[in-house]
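One-based numbering along the sequence shown. Basis for what follows: all heavy atoms, side chains included, without hydrogens, waters or symmetry-related copies.
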Amino acid sequence: MRGCKALFLITLIASAAQAAAANGGFQVVSWSPARITTGSPCLFRVEMAEPPTALAASWQGHELTFAPSANHSVWYGLAGVDVEAKPGSYVLELRATLSDGSVVRRNQTILVSQAAFRTEKLRVPERYVEPDAETRQRIAADRELKHAAFAHEAPAEWSGSFIAPVDTGVSEGFGTRRTFNRKLASVHRGLDYHAAPGTPVMAANSGEIVLARELFYEGNCIIIDHGLGFATIYMHLSRLEVSEGQRVEKGQEVGLSGSTGRATGPHLHVAARWEGAYLDPAQLWTLRLPELHTPALSTANAPATK
């Protein structure tokens, strides 16, 4: 009987090894949340039979670089699905570089469902709907500043879960379809919080300040680069308490709330962005993320697509 059990165990281990080999060394590929919708941030978790030296992926047309756990056997990639993405099946194309230099691959199909968003009508000063020529020049200059800030590349600065930047209630949810003065339609790509003027605003996670200045629509605005393509944005501040190039820690005060820019009243607008995709901050705050104990890879170290 013991011999039979031992033989069964050996056979089971061999079968598992054969399955792992068939998948190129990939043992487990999972994601959080389990049900991904448009606008969802998502954490991909990959467990390998052999610890790779690098792991990267293609996801919805973007490159995704993973960060390893302490023993390099489990790798994490923080990404998302844009609020305006089409629902359907998408393929996560994984590429792992092993210690001998070989590259193994696995494709994982993931279903993205449509999130439910509401519609809202707002009135704001007319200059924010139909700006004059001088203002349009300023808006174009602001666009270049934001483009440069979002082009900044850094390894993972975030560690552990993100936190809400203020401890107040939400006044406007993510993804709302908005009409301004019946003339301008837009999608609310962030989350609005009730915040009396002067309410301290905290960094949602560690990172580098890549923009801290006044913009036309956003008012006093801060962008924090958290690395690996992830950024959080804080708008309509009454005061900036950080400067560009400064590194901040999770929970550090970065500014005070206000009503600068295109705002209907005092509040804090917060946005979460990954590789140009705007994600629901409320979901990001509840996503349980790992503490990163080892340096993450830069995108320059990702294995090339063949």
Side-chain angles (χ1 to χ4, degrees), residues 37-42 78-85 115-122 124 128 139 142-143 145-147 149-150 158 161-180 184-197 199-205 207 209-226 229-238 240 242 250 254-287:
T37 62
T38 51
S40 286
C42 48
L78 185 59
V81 179
D82 187 67
V83 60
E84 296 190 80
F117 301 120
R118 71 187 192 87
T119 301
E120 180 184 46
K121 296 179 180 180
L122 295 173
V124 296
Y128 289 109
I139 293 170
D142 288 351
R143 189 181 302 114
L145 289 171
K146 289 181 287 185
H147 178 76
F150 291 135
W158 62 268
S161 300
F162 282 68
I163 61 173
V166 291
D167 187 19
T168 60
V170 172
S171 61
E172 182 59 65
F174 174 80
T176 302
R177 270 54 181 169
R178 288 176 156 182
T179 298
F180 291 99
L184 176 65
S186 70
V187 175
H188 193 225
R189 292 180 173 86
L191 198 64
D192 287 350
Y193 284 92
H194 294 291
T199 301
V201 176
M202 311 300 177
N205 214 318
I209 304 297
V210 291
L211 186 144
R213 61 181 70 195
E214 183 184 4
L215 305 176
F216 180 73
Y217 286 122
E218 297 85 352
N220 288 325
C221 178
I222 291 171
I223 300 177
I224 303 178
D225 181 4
H226 302 289
F230 237 89
T232 51
I233 310 159
Y234 311 77
M235 303 180 189
H236 310 307
L237 303 173
S238 62
L240 304 174
V242 290
K250 177 165 55 178
V254 295
L256 303 177
S257 66
S259 57
T260 56
R262 187 173 72 180
T264 56
H267 72 284
L268 173 67
H269 174 98
V270 181
R273 190 179 189 271
W274 175 73
E275 296 291 350
Y278 281 87
L279 315 175
D280 186 354
Q283 291 189 46
L284 182 60
W285 312 152
T286 60
L287 197 61

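A pairwise comparison of heavy atoms in Thr232 and His226 identifies OG1-NE2, 2.7 Å as the closest pair. The two residues Glu172 and Thr176 come nearest to each other via the heavy atoms OE2-OG1, 2.8 Å. When every heavy atom of Gln283 is checked against every heavy atom of Pro41, the shortest pair comes out as CB-CD, 3.6 Å. The minimum heavy-atom distance linking Ala204 with Tyr234 is given by the pair N-OH, 3.0 Å. Nearest heavy atoms, Leu268 versus Val166: CD2-CG1, 3.7 Å. Here the closest heavy-atom approach between residue Ile233 and residue Met235 is recorded as CG2-CE, 3.8 Å.
Inter-residue side-chain proximity for Ile139 and Tyr217 is flagged as met; some heavy-atom pair is nearer than 4.5 Å. Pro200 has its side chain within reach of Met202: a pair of non-hydrogen atoms, C-beta onward, lies under 4.5 Å apart. Side-chain contact between Pro266 and Pro197 is present, with heavy atoms from C-beta onward closer than 4.5 Å. Taking the side chain as every heavy atom from C-beta outward, Tyr193 and Asp167 never approach each other to under 4.5 Å. Side-chain contact between Ile224 and Phe230: absent, with no pair of heavy atoms (C-beta onward) separated by less than 4.5 Å.
No donor-acceptor pair closer than 3.5 Å links the side chain of Thr38 to the backbone N or O of Ala85. Within the 3.5 Å criterion, the main-chain N or O of Leu237 finds a donor-acceptor partner in the side chain of Thr260. Although no hydrogens or angles enter the test, the distance criterion places a donor-acceptor pair under 3.5 Å between the side chain of Lys250 and the main chain of Ser161. Under the 3.5 Å distance criterion, the side-chain polar atoms of Asp142 are left unmatched by any main-chain donor or acceptor of Leu215. Distance alone, capped at 3.5 Å, is enough to place a donor-acceptor pair between the Ser257 side chain and the Thr199 backbone.
Judged purely by distance below 3.5 Å, without hydrogens or angles, the side chains of Asp192 and His269 pair a donor atom with an acceptor atom. Defined by atom type and a distance below 3.5 Å, a donor-acceptor pair is missing between the side-chain atoms of Ser259 and His267.
A distance of 8.0 Å separates CG in Leu279 from OG in Ser40, rounded to the nearest 0.5 Å. Between Glu218 atom CD and Arg213 atom CZ the span is 12.5 Å, to the nearest 0.5 Å. To the nearest 0.5 Å, atom CH2 of residue Trp274 and atom CG of residue Leu78 are 9.0 Å apart. Here Leu211 contributes atom CG and Leu145 contributes atom CG; the two are 6.5 Å apart, rounded to the nearest 0.5 Å. Rounding to the nearest 0.5 Å gives a distance of 8.0 Å between SG of Cys42 and CG of Leu287. Of the inter-residue distances, the one linking Ile209 atom CD1 with Ile223 atom CD1 reads 10.0 Å to the nearest 0.5 angstrom.
Ring centroid separation for the pair Phe117 and His188 does not come in under the 6.0 Å cut-off.
Judged by the 6.0 Å distance and 45° axis criteria, Arg189 is not positioned over the aromatic ring of Phe174.
The one candidate from Pro281, Ser171, Pro165 that meets the side chain to side chain contact (heavy atoms under 4.5 Å, CB included) condition with Leu191 is Pro281.
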